[in-house]
Amino acid sequence: MQYSRINFHLLFFLIFLTSCSSMNVSQEKVYSEDVRTVQASLSSSEISYDSEAIFANAIIYFEFDKSNLTTKSLQTLKSTVNALEENPAIGLTLSGHADERGTREYNLALGQRRAETVAEYLILNGINKNRIIVKSYGEEIPAMSGQNEKSYAKNRRVEID
Amino acid sequence: MNRVIFLLIFSNILISELILEVTQGTDDPYRVALVTFNGDAKTVNEINSVIRNNLIRSGEFNIFEDDDLLSLPKNENEIIYNDFKILNIDYLVFGEVFIDGNSNSVEYKVFDIKRGTQVRNSTVFGIPNRNRQLAHYVADGIYEEITGIKGISATKILYVTEKDNFNLVISDADGKNEQLLLTSSEPIISPTWSPDSKKVAYVSFETGMAKVYIQDIASGEREIVIENSKQISSPAWSPDGKFLSLTMYQDGNAEIYILNLKNKNLTRLTNHYSIDTESVWSPRGTKIMFTSGRSGSPQLYEINLRKFNSKPKRITFDGNYNAKGSYLPNNEGIVFVHRSKDQFQIALKYFNENFVRTLTNSMMDESPSISPNGNVIVYAVKINGTGMLAGVTLSGAKFILPASEGAVREPSWSSFLR
């Protein structure tokens, strides 16, 4: 009799403890962290024109956050147009790039805009748009490394090849 | 063409491990006594040091260890409160590590010294050989008990590293325990977690053009979300995980679309001749914020998804470069990249304030990502030309996570993993 009363008190005390306002009692299990590594398969889907494209190769440069063509760029593009007219079989890829300042996705879009500007000029000058692939690498593949205006100017470009 | 690739190598390839340095703490940290736990000395040592480092990294604690203390209680009866009061200690923590086969567990208790009472008694159960994980959970419990805010030690960070190859990597929030998700000879950008943190989305150039992929972390299974001939970029998951907002270049220009992941239906969200990209969802999924060049320079805009045909509303006005925004989890403000005096810095704007708070001060800070408790922002910095990760807490503490080798960038914080 005495024994069970003590037990009862103990139980009551335990209930009091666990319901007692401020104390946090918890149990948890940690998260599983299984990971599998993937090797990117480099099955390039683009068509390569490398061997024939030498005549039209050129690099067009741009101002910061700008995608309009400069007078010098127009001269370069004129000779590209000539080369393309003389070699109607070749196609070309326009890869737009940006310098590393600013955000990566905005720079990807900016590189694309620059490449599109060059494509528009070529199309306007009679080049069939089916000969042109337009894409951007944003700031991901700089032509020149370094945090200075000289590098930045080299990196704001469209590569024609 | 629905390309699903099952793969390959298991991921115990350790790359450049990040090393954490706290560069600045908060002004008035909590003073916490962390008595060495009972149990197997080697395991206890590992667990205690991870707990200590996690608490210190938050910038909100001064940790007192055995050598700093006057008495070392191992159970409630042994606590002499005055020994801690004299040292102005606010909280006392001790515990015990139980080794059961390969799976360990930790029981720990937290005492409020001023009130002279126990405030927490918790047990965490581990999985085999994951003592760091176990310690992160204990640290989070202690953090939550003392600050009232959920801890983030047991969360993960996703980021891109570059050294010979481009790598997509996840690590614990302290930069340790790196695991390789993807390796490629072509750039990887814009990694982001699914809301349940079981999958990641990212942009890979492996086909020669930017494309968005979704990859299951545990299985390595992955797919290109949309197959077409144009580039696709900037993925962001809706909070319910059912949609992905994307930047598509269908008509040559960057425009934002929403992809229904179940039926692959696409809804166009923007239509403007300038750049629209970097979309993110508000915490409740009712708004989308994005960067647009429509005013002549990059600025942040919002579209209300609840209103039919809602027009984008400009929300940043200070300076001529405000980009890559994200919402605070409580929806009280936004964090973004802000240019001032030709420096790119991480900035915070609360919706109920009319000014921008600059949080960082180096030259080229970018890619801010907010911890799930809303308290810490991890971002990318360039130090001596090398990319590193850095962090700043809203209470003002700062830390950096430099890699031992290679460049690190574009951090993305997971959700709570429980």
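The chains referred to below are lettered A, B, ... by the order of the sequence lines, with proteins before strands, and numbering in each begins at 1.
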Best-contacting candidate, A254(B), G252(B), S105(B), A323(B), against chain A by heavy atom pairs under 4.5 angstrom: G252(B)
If I take atom CD from residue E139(A) and atom CD from residue E366(B), how far apart are they, to the nearest 0.5 angstrom? 5.5 Å
Where is the tightest heavy-atom contact between L180(B) and T37(A), given as atom of each residue plus distance? O-OG1, 2.6 Å
Non-hydrogen atoms of chain A under 4.5 Å away: do they reach the side chain of K109(B), the backbone, both or neither? neither
Side chain to side chain donor-acceptor pair (under 3.5 Å) partners for S197(B), two or more places apart: S415(B)
Over all heavy atoms of both residues, which pair between V38(A) and G220(B) is shortest? Give the atoms and the distance, please. CG2-O, 3.2 Å
Is chain A contacted by the side chain of D276(B), its backbone, both, or neither, given a heavy-atom distance below 4.5 Å? neither
Side chain from CB out, backbone as N, CA, C, O: work out which of these in S145(A) comes under 4.5 Å of a heavy atom of chain B, or both, or neither. neither
So do M363(B) and Q147(A) actually touch side chain to side chain, heavy atoms under 4.5 Å? no
Considering only heavy atoms, which portion of T277(B) lies under 4.5 Å from any heavy atom of chain A: side chain, backbone, both, or neither? side chain
Is it the backbone or the side chain of V124(B) that comes under 4.5 Å from a heavy atom of chain A, or both, or neither? both
Does the side chain of R101(A) reach to within under 4.5 Å of the side chain of R339(B), using non-hydrogen atoms? no
Please round to the nearest 0.5 Å and tell me the distance separating atom CD of E186(B) and atom OH of Y137(A). 6.0 Å
Y249(B): which residues meet the ring pair (Phe, Tyr, Trp, His ring centres under 6.0 Å) condition with it, sequence neighbours left out? none
Which atoms of E162(B) come close to chain A, meaning under 4.5 Å heavy atom to heavy atom: side chain ones, backbone ones, both, or neither? neither
Please determine whether the number of non-hydrogen atoms from other residues, nucleotides or ligands lying under 6.0 Å from atom NZ of K382(B) exceeds 12. yes
Counting only non-hydrogen atoms closer than 4.5 Å, does K156(B) touch chain A with its backbone (N, CA, C, O), its side chain (CB onward), both, or neither? side chain
Toward chain A, the part of P187(B) with a non-hydrogen atom under 4.5 Å: side chain
Check whether V110(B) gets within reach of chain A through its side chain, its backbone, both or neither, counting any heavy atom under 4.5 Å. neither
Quick check on F344(B) against chain A: is it the side chain, the backbone, both or neither that has a heavy atom closer than 4.5 Å? side chain
Chain A contact via D172(B) - which portion, at a heavy-atom distance below 4.5 Å: side chain
Residues R36(A) and Q215(B): closest non-hydrogen pair is O-NE2, 4.0 Å
T103(A) and E278(B): side chain donor to acceptor below 3.5 Å: yes
Anything in residues 60-68 of chain A with a heavy-atom distance to chain B below 4.5 Å? Please list those residues in order. F64(A), D65(A)
Could you tell me the separation between the OG atom of S234(B) and the CG atom of L108(A), rounded to the nearest 0.5 Å? 8.5 Å
Quick one: does K135(A)'s side chain have a donor or acceptor within less than 3.5 Å of a partner on G208(B)'s backbone? yes
For chain A, the option from V203(B), D112(B), L417(B) that forms the most heavy-atom pairs under 4.5 Å: L417(B)
Salt bridge or not for E105(A) and K324(B), using N-O below 4.0 Å? no
With only heavy atoms counted, which part of A218(B) is less than 4.5 Å from chain A, the side chain, the backbone, both or neither? both
Does anything in residues 109-123 of chain A get under 4.5 Å of chain B by heavy atoms, and if so which residues? A109(A), L110(A), Q112(A), R113(A), E116(A)
Please classify the contact of I189(B) with chain A as side chain, backbone, both or neither, using a heavy-atom distance under 4.5 Å. side chain
Does any backbone or side-chain atom of E107(B) lie under 4.5 Å from a heavy atom of chain A? Answer side chain, backbone, both or neither. neither
